[in-house]
2 protein chains.
Amino acid sequence: MHPSRRVTIIDVARHAGVSTTAVSKVMRNAYGASPEMQIKVRAAIEELGYRPSAAARGLRGQTYTIGVMLPEMRNPFFADILDGVTEHLGGTDYQVLMAACCNDEAGEVRITEAMIDRSMDGIILIAPISSRRHLQKVARAVPTVVVGRHGHSPDYDTVTDDDFAGAGLVVDHLVALGHRRIAHIEHAEKNPVRLKEMPNAQRADGYRHAMQAHGLGDYIDIASTTYTQQGGYLGAQQLLARPQRPTAIFAGADIVAMGVLDALTEAGLSAPQDISVAGYDDTMFAAFGPISLTTVDQAGHQMGLNAVRLLLDRVASRGRPTAQIKLSPTLITRRTTAPIP
Amino acid sequence: MHPSRRVTIIDVARHAGVSTTAVSKVMRNAYGASPEMQIKVRAAIEELGYRPSAAARGLRGQTYTIGVMLPEMRNPFFADILDGVTEHLGGTDYQVLMAACCNDEAGEVRITEAMIDRSMDGIILIAPISSRRHLQKVARAVPTVVVGRHGHSPDYDTVTDDDFAGAGLVVDHLVALGHRRIAHIEHAEKNPVRLKEMPNAQRADGYRHAMQAHGLGDYIDIASTTYTQQGGYLGAQQLLARPQRPTAIFAGADIVAMGVLDALTEAGLSAPQDISVAGYDDTMFAAFGPISLTTVDQAGHQMGLNAVRLLLDRVASRGRPTAQIKLSPTLITRRTTAPIP
DNA sequence: TGTGACGTGAGTAACGTTTTCCACGATGTT
DNA sequence: AACATCGTGGAAAACGTTACTCACGTCACA
């Protein structure tokens, strides 16, 4: 069987007895098409099952495609953001396409360039680790919104969670339960720019600040590893080996908390009987019965919603000054934290 | 500042003092370019930082884009498949773009059409629920590989896990531990075609068959709900209400097992002391210390690898007969299953 | 010395849209 | 009655690439 040539705008125009210009106008709801024309054309489109080629469109106008770059696929928190994005785009002609990157800078460059090459109308970068320089370059080529990375730029909008405040919520909660020796596991970061802009650094700062605010400056104790399960495991081992063991561990991310729980189990301890444990992100598994992790909800859905709103806004008017949206996190209390024994 | 017009193939040609045809040939490593020509052109490309426009390419030739459709983003098993895909594509010019769907047929249609509209070179559909008719239609428009759905077609290749055998592994394991009352929670399916093709149905069949092979036909007990946490919760409640309670529950998916564990906790029971629980998929959280779920590893990485291999193969020679690859699952024994008390 | 094949490169016509004009008739205004 | 304005629709020129075709020189062979 033949793969039967695709229906083009020319076929539709011929079938409706009008010009291709007219069909194009109707497709885009553009100005200059009378109601009768609209009806005639829409009928022809329907009848022939016409769908415009995005490639051809991209050559002149828009592609109606929004790109989303994720640092990884396994953190369900990103799925929440995505949900916010797609939900808001559901009624429109836009389509979201994602690319997951390997958490390294080269991968991010590859993906962003691929999205620019494919003339996407706009892109959303989630927690990018690339240099500022690269982000600027991308943002100048195509409307861009950066999610989950602090700091602002004249070229792209940002949507972040108030990580500083979120860390404070956790400390407040633990202090209210009577804890004083509250330790933190952070993601080690050396690059000075990223140190300012990445959420992990803000969480560590928020932790320090809140501890001091409670007069617990002397109990500040931080293990520097990575935001991975392995990092949580190693960090907890470090903390458990202290001469004075902490009574609570605030892990910078839920996945880190999983590693902490592993280390506790291995040491014959359990949460919250021996040590309270809190995470950050409110990922799907934090809610599972056997885990039931106290954590911080970042309102990923809201972040996605705001990101795409800003993006469409910028697509419409590229000149407008950039905006920074900061959302407030909320504490989710579950069963891994309890009053000090 | 001006967004400075993109560098085009014409700029490169002019800069190198050759024709655009020559540049195009070099870009694609096509036949008919002498070594000196190659060097000259590559130098110009480098110097100008030229990157071809995928939109323009798509209008005539390839877009070097592979689309992957996922039923959802929260199941980390799909991330394994993706890893296999991107790894194999790492060295090539191809770029993977994903779209996550809402687990409904309309969403799948929207995504597949969007991918066709964007003239992707090939698409990989992961566990699609669409009608066969739609799959065929898609596959005729663009090279397609279907992953995680049984049944074969003259139009698309398939890569699946041997779900029937995988279910058998679980039953064998539980029987070896002394269990006889082994219940199963399946995803209810009415559509007769999907009943044959979807993995969930195969798992249920494998369960039945294995039970009978062990002479336990009388103990076959199935709760029909859905492959969700909620479905697991409800299914477990049904099973716990039986006059003769099962001693083991085989959930058709890890996420279902999470719901089962929730229901057990609520009923004051625990695994494996009171009831053994097994899942399917070996998702990330199955490995978490506090959960430690016995499950079946589907070798997602291998599935992705094979899928993309088949796809590139088909892109190269669209005519070849379709292939069906079936991979073997392995049992991962953890702490939610134990000898019968 | 023709003749055919081959390797190399260029010219040009697509590919399917959108955009920028411009023409035309109707309508309103002086 | 002359003239600007407006609404409508079409012609044609982009957009940046690849595929097709052809010309030219070189080489091998009869």
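Each chain gets a letter, A, B and so on, in the order the sequences are listed, and its residues count up from 1.
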**Message:** If the condition is side-chain hydrogen bond (donor to acceptor under 3.5 Å, both in side chains), which residues does B:Glu87 pass it with, not counting sequence neighbours?
**Reply:** B:His301

**With A:Arg28 via side-chain hydrogen bond (donor to acceptor under 3.5 Å, both in side chains) - residues at least two apart** = A:Ser24

**Prompt:** So, is A:Arg57 close to the C:dT18 phosphate, meaning a side-chain N or O under 4.0 Å from OP1 or OP2?
**Reply:** yes

**Asked** Ion pair present between A:Arg110 and A:Asp117, side-chain N to carboxylate O less than 4.0 angstrom?
**Response** no

**Request:** Check salt bridge (charged side-chain N to carboxylate O under 4.0 Å, His left out) between A:Asp161 and all other residues, then give those that pass, not counting sequence neighbours.
**Result:** none

**Asked** Taking any atom under 4.0 angstrom from a heavy atom of chain A, which nucleotides of DNA chain D are the first and last to qualify, 5' to 3'?
**Response** D:dG7 to D:dG16

**Request:** May I have the distance from A:Asp11 (atom CG) to C:dC15 (atom P), rounded to whole angstrom?
**Result:** 11 Å

**Prompt:** How would you list all residue pairs meeting ring-ring contact (aromatic ring centres under 6.0 Å, His included) that involve residues 34-53 of chain A, not counting sequence neighbours?
**Reply:** none

**Request:** Could you tell me whether A:Asp155 and A:Arg314 make a salt bridge, using a distance below 4.0 angstrom between a side-chain N and a carboxylate O?
**Result:** no

**Message:** Give the residues of residues 30-47 of chain B touching DNA chain C, defined as any heavy atom closer than 4.0 Å, sorted by residue number.
**Reply:** B:Tyr31, B:Ala33, B:Ser34, B:Met37

**Message:** Within the 4.5 Å heavy-atom criterion, are B:Thr144 and B:Leu125 side-chain neighbours or not?
**Reply:** yes

**Item:** Residue pairs, two or more places apart or on separate chains, that pass ring-ring contact (aromatic ring centres under 6.0 Å, His included) and touch residues 71-122 of chain A
**Value:** A:Tyr64-A:Tyr94

**Request:** Whole angstrom is fine here: how far is it from CG in B:Leu59 over to C1' in C:dA14?
**Result:** 9 Å

**Request:** Kindly check if the number of other-residue, nucleotide or ligand heavy atoms within 6.0 Å of NE2 (A:His152) is above 12?
**Result:** no

**Item:** Pair pattern of DNA chain D in dot-bracket, where unpaired bases get dots and | marks partners in another strand, Watson-Crick or G-U under 3.5 angstrom
**Value:** ||||||||||||||||||||||||||||||

**Asked** Checking A:Thr160 side chain against A:His150 main chain: does a donor-acceptor pair fall under 3.5 Å?
**Response** no

**Asked** Can you name the salt bridge (charged side-chain N to carboxylate O under 4.0 Å, His left out) partners of A:Asp121, sequence neighbours left out?
**Response** none

**Message:** Give the residues of residues 14-28 of chain A touching DNA chain D, defined as any heavy atom closer than 4.0 Å, sorted by residue number.
**Reply:** A:Val18, A:Ser19, A:Thr21, A:Ala22, A:Lys25

**Request:** Taking salt bridge (charged side-chain N to carboxylate O under 4.0 Å, His left out) as the test, write out the residues that go with A:Glu113, two or more places apart.
**Result:** A:Lys137, B:Arg51

**Request:** With sequence neighbours left out, write down each residue that passes salt bridge (charged side-chain N to carboxylate O under 4.0 Å, His left out) with A:Arg320, or none if nothing qualifies.
**Result:** A:Asp157, A:Asp313

